[in-house]
Amino acid sequence: MSFISNEVLPLINHMYRIKPDKKIFVVYSYGGLLGANILITHPELFEYYILGSPSIWYDNKAMFRLESNYAKSNKAIKAQVFIYIGSEEGSMVEEMLAFETQLKSRNCKGLSIQSKVLAGLSHHSAFAVLLT
């Protein structure tokens with residue numbers, strides 16, 4: 001996270017004409033896990049998060065605990081979040097939907113979250129559809 005914050009984003013801001021208030025983080029699988037982590041711990045890094053097939057199951061579903069701890073002292077997350085997953089991804093589908101439900105249950109000020117289960121797609125085929 002500090003590499004993205006301290007190295008990547010300043011480099012992109014320096015090298016390209018961007019809208020600094022419209023940063024979008026698009027990630028997939030373990031990257032989706034990283035995106036969920038950044039969303040919870042440093043939501044200000046990006047305005048939009050597109051999390052594809054996030055590996056919420058990792059480390060005994062540590063993201064649920066991380067989010068619960070964050071919610072104890074934070075009542076706002078200014079971000080628009082889109083989460084996508086293939087319907088054929090087994091238990092990852094239920095875990096993703098449960099994570100979305102947990103986030104929505106906090107009623108965090110500024111948080112907009114939507115999810116979509118992509119019918120008939122697997123972990124290997126969902127990413128291409130997510131990008132479109």
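Position 1 is the first residue of the sequence, and the numbers go up from there. All of these numbers come straight from a predicted model, not from anything done at the bench. All values below come from the heavy atoms of this structure, side chains included, with hydrogens, waters and symmetry mates left out.
Contact record, Ser53 with Gly86: OG-N, 4.2 Å, taken as the closest heavy-atom pair. Scanning both residues, Ala126 and Leu121, for their nearest heavy atoms gives CA-CD1, 4.0 Å. Scanning both residues, Phe25 and Leu34, for their nearest heavy atoms gives CZ-CD2, 4.2 Å. When every heavy atom of Ile56 is checked against every heavy atom of Ala36, the shortest pair comes out as CD1-CB, 4.3 Å. The shortest heavy-atom contact between Leu130 and Tyr28 is CD1-CD1, 4.5 Å.
Interatomic distance, NZ of Lys116 versus OG of Ser87, reported as 11.0 Å (0.5 Å rounding). Between the OG1 atom in Thr41 and the CG atom in Asn74 there is a gap of 10.5 Å [rounded to 0.5 Å]. Rounded to the nearest 0.5 Å, atoms CD (Glu95) and CD (Gln102) are 12.5 Å apart. Atom CD of residue Glu89 and atom OG of residue Ser55 lie 8.5 Å apart, to the nearest 0.5 angstrom. Note that CD1 of Ile24 and NZ of Lys19 are 10.5 Å apart. Values are rounded to the nearest 0.5 Å.
More than 12 heavy atoms of other residues, nucleotides or ligands lie within 6.0 Å of NZ in Lys104, so this atom counts as buried by the packing criterion. The environment of Tyr58 atom OH is sparse: at most 12 non-hydrogen atoms of other residues, nucleotides or ligands sit within 6.0 angstrom.
A donor-acceptor pair is defined here as one N or O able to donate and one able to accept, closer than 3.5 Å; no such pair exists between the side chain of Gln80 and the backbone of Tyr48. Panel note: side chain Ser122, backbone His124; a donor-acceptor pair is recorded below 3.5 Å. Between the side chain of Lys75 and the main chain of Ala71, a donor-acceptor pair closer than 3.5 Å is present. Between the side chain of Arg65 and the main chain of Asn60, a donor-acceptor pair closer than 3.5 Å is present. Under a 3.5 Å cut-off, the side chain of Tyr49 and the backbone N or O of Pro43 do form a donor-acceptor pair. Judged by distance alone, with hydrogens and angles left aside, the side-chain atoms of Glu7 form no donor-acceptor pair with the main-chain N or O of Ile4 at under 3.5 Å. The closest donor-acceptor contact from the side chain of Ser5 to the backbone of Ser2 lies at 3.5 Å or more, if one exists at all.
Using a 4.5 Å heavy-atom threshold, the side chains of Leu11 and Tyr16 count as separate. Using a 4.5 Å heavy-atom threshold, the side chains of Glu67 and Met63 count as separate. Residues Asn37 and Met1 are in side-chain contact: their nearest non-hydrogen atoms beyond the backbone lie under 4.5 Å apart. Using a 4.5 Å cut-off on side-chain heavy atoms (C-beta onward), Tyr70 and Leu66 make no contact. Contact of the Lys78 side chain with the Leu111 side chain is not registered, since no non-hydrogen atoms from C-beta on lie closer than 4.5 Å. With a 4.5 Å cut-off on side-chain heavy atoms, Leu39 and Val81 count as touching. Side-chain contact check for Pro54 versus Leu33: every heavy-atom pair is 4.5 Å or farther apart.
Under the 4.5 Å side-chain heavy-atom criterion for grouping Ile, Leu, Val, Met, Phe, Trp and Tyr, Tyr30 is not connected to Phe82 through any hydrophobic cluster. In terms of hydrophobic clustering, with Ile, Leu, Val, Met, Phe, Trp and Tyr side chains grouped at heavy-atom distances under 4.5 Å, Ile77 and Ile40 are assigned to a common cluster. If you chain together hydrophobic residues whose side chains sit under 4.5 Å apart, Leu51 and Leu118 never meet in one group. In the hydrophobic clustering of this structure, Phe64 groups with Leu97; members are Ile, Leu, Val, Met, Phe, Trp, Tyr whose side-chain heavy atoms approach within less than 4.5 Å, directly or through other members. Put simply, Ile85 and Ile83 are part of the same group of oily side chains (I, L, V, M, F, W, Y) that touch within less than 4.5 Å, one to the next.
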(request) Before giving the answer on salt bridge (Lys or Arg N to Asp or Glu O under 4.0 Å), spell out for Lys22 and Glu47 the whole-Å C-alpha distance, their side-chain angles and the decisive distance to 0.1 Å. (result) CA-CA 6 Å; Lys22 300 282 184 190; Glu47 287 70 36; over 6 Å; no

